[in-house]
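Have a look at the structure below before the remarks.
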2 protein chains.
Amino acid sequence: MTSRDDLGQMPGHLIRRLNQRSTAVFSERMKSAPVELTSVQYAALDVLAREPGIDQARLASLIAYDRATIGEVVKRLEKKGLVARQVNEEDRRARTLRLTADGETALAQVAPLVAALQAEILGKLTEAEQAQFLELARKAVEP
Amino acid sequence: MTSRDDLGQMPGHLIRRLNQRSTAVFSERMKSAPVELTSVQYAALDVLAREPGIDQARLASLIAYDRATIGEVVKRLEKKGLVARQVNEEDRRARTLRLTADGETALAQVAPLVAALQAEILGKLTEAEQAQFLELARKAVEP
DNA sequence: AAAATATGATACGTACACTTACCATATTGA
DNA sequence: TCAATATGGTAAGTGTACGTATCATATTTT
């Protein structure tokens, strides 16, 4: 019989391992941060800083997440006191999201760390290769 | 103040979205399969077909997963009747893993589907770009 | 051989990630 | 305007994914 394709060569497998490396680097570097955030939590804070007052559905769509997942993430951020949630009086179904003062501080402290760790994720590649990879990745996730 | 890097350009974010796309394609295509497997479950079956009799720790290391996670995955595969687990008499700490007949069948049925869906994950890229991407991804996850 | 150490597996806890179903509120359209 | 539909949020269920602790069994060291 013909042998199946090697798992290790499959896009799906490679991408999963890449993501694994990415989250490992993120949480490792985050250990030395004043506030410990997961990468999703960071993404949420980042978007809320740019677009204060949006609701959860919009937040979810901006960072390409599921509504239910974002609900959980926001709940944890609220519990940590980094995000404030209040009912939108114009549309009582929606909850308006904002960073708290602590949230602003946390984001400001963590942002440089996150920016710095990005290169490390692709640390096995040369600068040119990293640029090339990002180019291809951007194209691959296009809607 | 200087503006933070755009989230959408960050390796970590891009990789996460890629992985999201990958798992979405996988589960979408799997809906029409005779046996519905997750990508991790498939990876486990694939490795067990090549190396019957290995234990969970070795399986975890071969597909680059955490021991605890694989324990759960194997438990579900056992429940589905696709994998058999038995205490290794040479080392009573270890559990020896094997595909059942159903497991062999499931793998044979699903393997072509999985192979076919791989290209779709990178469907936004040309053939040449896909090859280039895989090359870079392989290098990026090197140990 | 007893003590120290290492390793396989599991349990528990935390955090995603998504699906489906459901409730509340808005919007649309007959 | 009132029924049909759409949308925001939550709840429940499934399945990763990993850290830490613990237990059982092996291996190594003294």
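Labels below follow one simple rule: chain letters A, B, ... track the order of the sequence lines, proteins then strands, and each chain is numbered from 1. Here the structure is a predicted model, which means the values were calculated and not measured.
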Practice task
Would you indicate whether A:Gln109, at its atom CD, is surrounded by more than 12 heavy atoms from other residues, nucleotides or ligands within a distance under 6.0 Å?
Solution key: yes
Problem - With B:Glu90 via salt bridge (charged side-chain N to carboxylate O under 4.0 Å, His left out) - residues at least two apart - result: none
Handout entry: Annotated protein contacts, base or backbone, on nucleotides 16-25 of chain C with a non-hydrogen cut-off under 4.0 Å, one of B, S, - each
Key = SBBB----BB
Handout entry: Residue pairs, two or more places apart or on separate chains, that pass salt bridge (Lys or Arg N to Asp or Glu O under 4.0 Å) and touch residues 117-128 of chain B
Key = B:Arg29-B:Glu120
Handout entry: Leading and trailing nucleotides of DNA chain D with any atom under 4.0 Å from heavy atoms of chain B
Key = D:dG15 to D:dA26
Handout entry: Check: A:Asp55 side chain, A:Arg58 main-chain N or O, donor-acceptor pair, under 3.5 Å
Key = yes
Exercise for the section: Would you kindly give the CG-to-C1' distance between A:Leu37 and C:dT14, to the nearest whole Å? Expected result: 15 Å
Exercise for the section: Answer yes or no: is there an ion pair linking A:Lys139 with A:Glu142, defined by an N-O contact shorter than 4.0 Å? Expected result: no
Handout entry: Partner residues of A:Lys31 under the salt bridge (charged side-chain N to carboxylate O under 4.0 Å, His left out) criterion, sequence neighbours left out
Key = A:Glu28
Handout entry: Residue pair B:Gly81 / B:Asp102: nearest heavy atoms and the distance that separates them
Key = O-CB, 3.7 Å
Practice task
Using the test salt bridge (charged side-chain N to carboxylate O under 4.0 Å, His left out), find all partners of A:Glu104 that sit at least two apart in sequence or belong to another chain.
Solution key: none
Practice task
Looking at every strand, decide which applies to A:Arg85 at a 4.0 Å heavy-atom threshold: base, sugar-phosphate, or nothing.
Solution key: sugar-phosphate
Problem - Upstream residue (5' side of DNA chain D) when A:Ala94 and A:Lys75 are each assigned their closest nucleotide - result: A:Ala94
